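Order of listing sets the numbers, starting from 1, for every ligand and every atom in it. Bear in mind that the values here come from a model prediction, so they are computed numbers and not experimental data.
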Amino acid sequence: MTGIVAITGIAGGIAAATAAAFHREGWSVAGVDVVEPPSTTPLVAFARLDLGQASAGDDLAAFLATLAGLDALVNAAARQGIDRIEAMPVTAWDEVMDANARGTFLAMQAAYPYLRRSRGAVVNVASVHAFATSAGAAPYAASKGAIVALTRAAAIEWAPDVRVNAVAPGAVDTKMLRQGVQRWASPEGVDAELDRLAARTPLGRIGRPEEIAEAILFLADGRRSSFITGQALVADGGALARLSTE
Ligand SMILES: NC(=O)c1ccc[n+]([C@@H]2O[C@H](COP(=O)([O-])OP(=O)(O)OC[C@H]3O[C@@H](n4cnc5c(N)ncnc54)[C@H](O)[C@@H]3O)[C@@H](O)[C@H]2O)c1
């Protein structure tokens with residue numbers, strides 16, 4: 001199957017690899033982000049917009065109306081919050097929840113009329129933080145848990161026309177991971193911390209953006225995943241499978 005896919009957070013590491021994977025399969029890729037993507041990203045259209053704004057749904061709807069149709073929506077835009085709960089200003093909570101959870105909701109709303117017509121698919125990028133988390137990541141974890149629950153709810157409401165699934169990555173080598181690790185990295189630095197993280201992962205390494213892109217492509221492609229909806233596919237090198245008390 002090929003068609004037109006819209007990817008949010010297109011300037012990011014996982015979204016860029018996802019754009020390349022869809023392009024390779026013959027899809028046309030449209031992207032949105034708050035920042036410009038690298039010129040190497042294979043895009044037929046780009047809109048600079050902030051999915052954290054309440055107007056994001058209208059802004060995205062106007063952008064989608066300029067496309068020749070829509071067959072899949074990939075919600076990969078997200079930001080991290082790194083405060084402890086007791087010290088967190090409400091604005092910090094809102095910034096993460098608005099960009100990640102509400103932004104995903106608004107993008108899905110804007111895309112629905114097109115996806116119903118094309119009998120298309122939504123793939124939301126959640127995180128292993130929806131299922132297990134670490135101290136200092138409360139709004140991020142809550143937003144990803146909300147995305148998994150929203151995925152399930154939409155899958156039920158939009159069946160049988162639109163399939164809705166999520167991918168829940170573990171640690172993947174992108175700007176977001178490196179910035180996140182920096183907050184607790186030892187003096188040896190981020191690379192040493194990533195090596196330790198890799199050693200604790202059953203598959204013995206951190207994920208590559210291209211590996212998440214393949215999972216996203218699988219769930220978006222109605223020929224490959226035609227009987228799957230409402231699911232969160234964990235792609236984490238086995239990290240969640242291991243008991244943390246082990
Ligand atoms: N890298 C990891 O280890 C990892 C693990 C689990 C889940 N994820 C998820 O994968 C997705 C992609 O992350 P990534 O690792 O490629 O990170 P990234 O930081 O490289 O990309 C995220 C992109 O989202 C964009 N963005 C942020 N807020 C936005 C907003 N309000 N409006 C529009 N765009 C916005 C950023 O500008 C950035 O380009 C995210 O949903 C992230 O939560 C990543």
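Between Glu210 and Arg24 there is no salt bridge, since no side-chain N of the basic residue sits under 4.0 Å from a carboxylate O of the acidic one. Salt bridge Asp161/Arg117: absent, no basic N to carboxylate O contact under 4.0 Å.
Under 4.0 Å from any atom of ligand 1, one finds heavy atoms of residues Gly9, Ala11, Gly12, Gly13, Ile14, Asp33, Val34, Val35, Leu49, Asp50, Leu51, Gly52, Ala76, Ala77, Ala78, Ala99, Val125, Ala126, Ser127, Tyr140, Lys144, Pro169, Gly170, Ala171, Val172, Thr174, Met176, Leu177.
Of the N and O atoms on the side chains of Thr104 and Asn124, not one donor lies less than 3.5 Å from an acceptor on the other residue.
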Validation: residues 129-138 side-chain donor-acceptor distances under 3.5 Å, sequence neighbours left out:
| residue | atom | partner | partner atom | Å |
| --- | --- | --- | --- | --- |
| His129 | ND1 | Thr133 | OG1 | 2.7 |

Residues 57-71 side chain polar contacts: donor-acceptor under 3.5 Å, at least two apart:
| residue | atom | partner | partner atom | Å |
| --- | --- | --- | --- | --- |
| Asp59 | OD2 | Ser55 | OG | 3.3 |
| Thr66 | OG1 | Phe63 | O | 2.5 |
| Asp71 | OD2 | Ile4 | N | 2.8 |

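Residues satisfying the side chain to side chain donor-acceptor pair (under 3.5 Å) criterion with Ser39, sequence neighbours excluded, are absent altogether.
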